[in-house]
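Convention: sequence-line order gives letters A, B, ...; per-chain numbering from 1. Everything numeric here is computed off the predicted structure, so don't read it as measured data. All heavy atoms count here, side chains included; hydrogens, waters and symmetry mates do not.
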Amino acid sequence: GAVVSQHPSWVICKSGTSVKIECRSLDFQATTMFWYRQFPKQSLMLMATSNEGSKATYEQGVEKDKFLINHASLTLSTLTVTSAHPEDSSFYICSATDRLSYEQYFGPGTRLTVT
Amino acid sequence: AQSVTQPDIHITVSEGASLELRCNYSYGATPYLFWYVQSPGQGLQLLLKYFSGDTLVQGIKGFEAEFKRSQSSFNLRKPSVHWSDAAEYFCAVGPTNNDMRFGAGTRLTVKP
């Protein structure tokens, strides 16, 4: 089956630093990738939609300068949390849409802790 | 705007008992409806989805869901729960197969 990977699976960083999270579709090409944020015991909140080769579309209330998204290829999207603060600590999940089947597949998530 | 409500935050059932998880949605047209399961340390797994046609949808792991337009509901059911079904369950709605919005989730605990 289709697999989406995320790297790293967990990361701890200090306040003020930046951290990059990768999302890869391993066995299919993804024209669209989505980034979600999930707080403990809460639902997934869509942060942004990225299409290969174009700028990401951010949901209302999401700071595009803080959460930089790059979708450089049909198999890779990255989320960079810039100048991280403790309130950015969360579980970040990506998903990717198979360009052929239009099915959406989710990655396992990345746990970010900012100290 | 589309939205999803899962009224039950936490449900506990005994192993072998039947299960029903509730989902109500708000959407202007016929939506795409989904149920996902999230186990600790794992990604979301699609259980089933509804786009059109038969309103009773069969999914994986013995789950089914019924779309009821009059009630704006898409409840998930399983006739006999197994201990391995303990997880977080999310209902989602969207205009297409993507761009979905998730409910708050229902945590299922299974008693031995």
Side-chain angles (χ1 to χ4, degrees), chain A residues 1-10 21-26 28 30-52 56-62 71 77 91-111, chain B residues 1-11 21-27 31-52 57 59-61 74 76 86-109:
Chain A
V3 176
V4 175
S5 71
Q6 284 185 238
H7 178 81
S9 56
W10 60 272
I21 302 170
E22 292 185 348
C23 175
R24 292 182 184 272
S25 57
L26 298 185
F28 65 95
T31 48
T32 305
M33 289 185 170
F34 301 86
W35 286 95
Y36 296 85
R37 183 173 180 175
Q38 185 180 28
F39 291 101
K41 302 188 186 302
Q42 295 188 32
S43 184
L44 285 76
M45 301 300 296
L46 180 65
M47 298 175 66
T49 303
S50 74
N51 292 291
E52 185 266 337
T57 302
Y58 291 81
E59 295 297 302
Q60 191 172 10
V62 178
H71 194 159
S77 176
F91 195 55
Y92 292 89
I93 300 172
C94 75
S95 69
T97 300
D98 186 322
R99 67 183 301 201
L100 296 179
S101 69
Y102 297 102
E103 294 289 340
Q104 185 172 154
Y105 301 97
F106 285 81
T110 297
R111 173 77 58 194
Chain B
Q2 61 205 40
S3 66
V4 181
T5 301
Q6 291 181 247
D8 304 304
I9 297 174
H10 183 204
I11 283 183
L21 302 182
R22 295 184 291 166
C23 172
N24 293 98
Y25 68 90
S26 174
Y27 193 71
Y32 286 60
L33 293 160
F34 311 82
W35 273 101
Y36 284 87
V37 60
Q38 184 182 38
S39 299
Q42 299 185 24
L44 273 76
Q45 182 180 24
L46 179 66
L47 290 175
L48 47 79
K49 59 187 175 184
Y50 171 80
F51 297 153
S52 64
V57 182
I60 62 172
K61 302 184 178 185
F74 188 58
L76 181 72
E88 189 86 20
Y89 290 81
F90 293 97
C91 181
V93 62
T96 66
N97 196 27
N98 301 278
D99 192 22
M100 57 186 71
R101 298 296 185 267
F102 288 82
T106 297
R107 183 161 60 93
L108 173 65
T109 298

**Request:** Please flag which part of B:Phe34 lies under 4.5 Å from any non-hydrogen atom of chain A: side chain, backbone, both or neither.
**Result:** neither
**Request:** Could you tell me which portion of B:Gln38 (side chain, backbone, both or neither) has an atom closer than 4.5 angstrom to a non-hydrogen atom of chain A?
**Result:** side chain
**Request:** Taking A:Ser43 for its side chain and B:Gly105 for its backbone only, find out whether a donor-acceptor pair lies under 3.5 Å.
**Result:** no
**Asked** What closest approach, in Å, do A:Gln38 and B:Phe90 show between heavy atoms, and which atom pair accounts for it?
**Response** NE2-CZ, 3.4 Å
**Fill in**
Interatomic distance, CD@A:Glu103 vs CG@B:Leu46, rounded to 0.5 Å, equals 7.0 Å
**Request:** Mind checking the OH-CG spacing from A:Tyr105 to B:Leu44? Nearest 0.5 Å is all I need.
**Result:** 14.0 Å
Are more than 12 heavy atoms, taken from residues, nucleotides or ligands other than [X], located less than 6.0 Å from that residue's [atom1] atom?
| X | atom1 | answer |
| --- | --- | --- |
| A:Tyr102 | OH | no |
| B:Ile60 | CD1 | yes |
| B:His10 | NE2 | yes |

**Message:** Suppose we screen for salt bridge (charged side-chain N to carboxylate O under 4.0 Å, His left out). Which residues come up paired with A:Glu22, at least two apart in sequence or across chains?
**Reply:** A:Arg24
**Asked** Got a sec, which residues hit salt bridge (charged side-chain N to carboxylate O under 4.0 Å, His left out) with B:Arg101, two or more places apart in sequence or on another chain?
**Response** A:Glu59, B:Asp99
**Message:** What part of A:Phe34 gets within 4.5 angstrom of chain B, counting heavy atoms only: side chain, backbone, both, or neither?
**Reply:** side chain
**Prompt:** What part of A:Gln42 is in contact with chain B, defined as an atom under 4.5 angstrom from a non-hydrogen atom: side chain, backbone, both or neither?
**Reply:** backbone
**Request:** Flag the pair B:Met100 / A:Tyr36 as yes when at least one side-chain heavy-atom distance between them is below 4.5 Å, and no otherwise.
**Result:** yes
**Partner chain B: residue of A:Val4, A:Leu46, A:Ile93 with the largest heavy-atom pair count (under 4.5 Å)** = A:Leu46
